[in-house]
Number of protein chains: 2
Amino acid sequence: MADINSNAKNGASGGGETASGAPPTGDGSAVKDPIWDIIELLFFAYRDFVGDPDEVLSKLAFGRAHHRVVHFVKRNPGMKVADLLDILNITKQSLGRVLKQLVDQGYIVQKEGAQDRRQRLLYVTPKGEALSLQLAQLQTERIKRAFGELGPGAHEAARRFLTAMIDGDNREGVLRQIARADRAQSRS
Amino acid sequence: MADINSNAKNGASGGGETASGAPPTGDGSAVKDPIWDIIELLFFAYRDFVGDPDEVLSKLAFGRAHHRVVHFVKRNPGMKVADLLDILNITKQSLGRVLKQLVDQGYIVQKEGAQDRRQRLLYVTPKGEALSLQLAQLQTERIKRAFGELGPGAHEAARRFLTAMIDGDNREGVLRQIARADRAQSRS
DNA sequence: CTATTTATGTCAGCCATGTTGACATATTTT
DNA sequence: AAAATATGTCAACATGGCTGACATAAATAG
């Protein structure tokens, strides 16, 4: 919500480019002045970041959707299909398409739930884990390079920034998921 | 619940890196240990970030592709079509589809180049500028909220982190584009 | 025990946005 | 005059979202 859109209604009015009829804040910046640099840096940084795995994926005739599935299953072994849908925020039909390929080609297996036999719990196979790690390492190289260029504390600063950028609603769940996955990894 | 089965180790499957056979670094972390937290936080943060404008866009029957075009034309008034293609990294056919709609509906105009009359230089109309600003402000709210939760220096830290995450090749060009656009904005 | 709900899967079709390839037009450069 | 450049367009196809309808098995409620 937060429909703070008073600015956008000047469609017929302001002939020129004088976009800043914004109230001053004392420090010279308007309340609603867009933070252009972060908006654009995020765009370019994320584009490069998600592009790293593309070459490997395309050799397998996979796309980014396959990457996301393998990634989260590797991180959350034994997760329910419904949980994966929640994380990815897509429909079961969309998931089904890529999941079927990953299962057919031996990257992921589904096991009947022990207590609830309707569930098809998801696990990566060794092959799936290897792929997941290979892709994660490509992205990790970029992150490590970045942290290397910045001073110490860069990791912590990045973590805090990114966490603060997540919706308040999701934030707790995301952090819980990461913590749980980290524990699972260390036990494997 | 969720017995978090300890998962398969790395199989003989090819291509991948061996799961945990990484050389030690002395600080306990392996050279190739994936930096899971940043990888996942970037995914969730970026998803929320680009999702902010969706509601506004869908009311206009526009998508994220339209957003990107209006954004960069607003930021770089008078840019050549070829420059926009370079920034977006898409083909002219993909651009053509959304650009045509934006021109037809009065968000963008194209003017013949003065020196080179083959060029169709791109400008936002007042309507286009209003839309661009409205969308940028939605994203800015999120960024400001994040910076408000973090201490002072958060903006600078985020800028440095995101810049370092960009390909070395692109980085200079991106920074130049941002600086040029900032100058153009302040002149308007 | 029967009825309902839940977890998952599947078919069919549509949409947004990316791709390649071929070709057209106007204009500038050689 | 010929070649290169900037842009646009048509056609076909790929990926990965979506909705709606329906199917099955298992758990749960009455």
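Here is how names work: the chains are called A, B, and so on, in the same order as the sequence lines, proteins then strands, and each is numbered from 1.
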Enquirer: Classify the side chain of A/Gln93 versus the base of D/dG16 as yes if they form a donor-acceptor pair under 3.5 Å and no if they do not.
Expert: no
Enquirer: First and last nucleotide of DNA chain C in contact with chain A, 5' to 3', at under 4.0 Å to a heavy atom: what are they?
Expert: C/dT6 to C/dC11
Enquirer: Please give, in whole Å, the distance from D/dG16 P to A/Phe62 CZ?
Expert: 10 Å
Enquirer: Give me the atom names and distance for the closest heavy-atom approach of B/Arg159 to A/Ile38.
Expert: N-CD1, 3.9 Å
Enquirer: Which heavy atom of B/Ala164 sits nearest a heavy atom of B/Arg171, and at what distance?
Expert: O-NH2, 3.3 Å
Enquirer: Any base atoms under 4.0 Å from B/Lys92, or only sugar-phosphate, or nothing? Heavy atoms, all strands.
Expert: base
Enquirer: Measure from CG on B/Leu99 to C1' on D/dT9 and round the result to the nearest Å.
Expert: 13 Å
Enquirer: Check the distance between D/dA6's C1' and B/Arg120's CZ and give it to me in whole angstrom.
Expert: 8 Å
Enquirer: Mind checking B/Asp83 for me? I need base, sugar-phosphate or nothing, with any heavy atom below 4.0 Å counting as a touch.
Expert: nothing
Enquirer: Applying salt bridge (charged side-chain N to carboxylate O under 4.0 Å, His left out), name anything that partners A/Arg142, two or more places apart in sequence or on another chain.
Expert: A/Asp52, B/Asp167
Enquirer: Look at the side chain of A/Arg97 and decide which nucleotide, out of D/dC18, D/dG20, D/dA26, has an atom nearest to it.
Expert: D/dC18
Enquirer: Looking for any heavy atom pair under 4.0 Å, which part of the strands does B/Gly96 touch: base, sugar-phosphate only, or nothing?
Expert: nothing
Enquirer: Hey, does A/Gln101 reach any base, or is it just sugar-phosphate, or nothing, if we go heavy atoms under 4.0 Å?
Expert: nothing
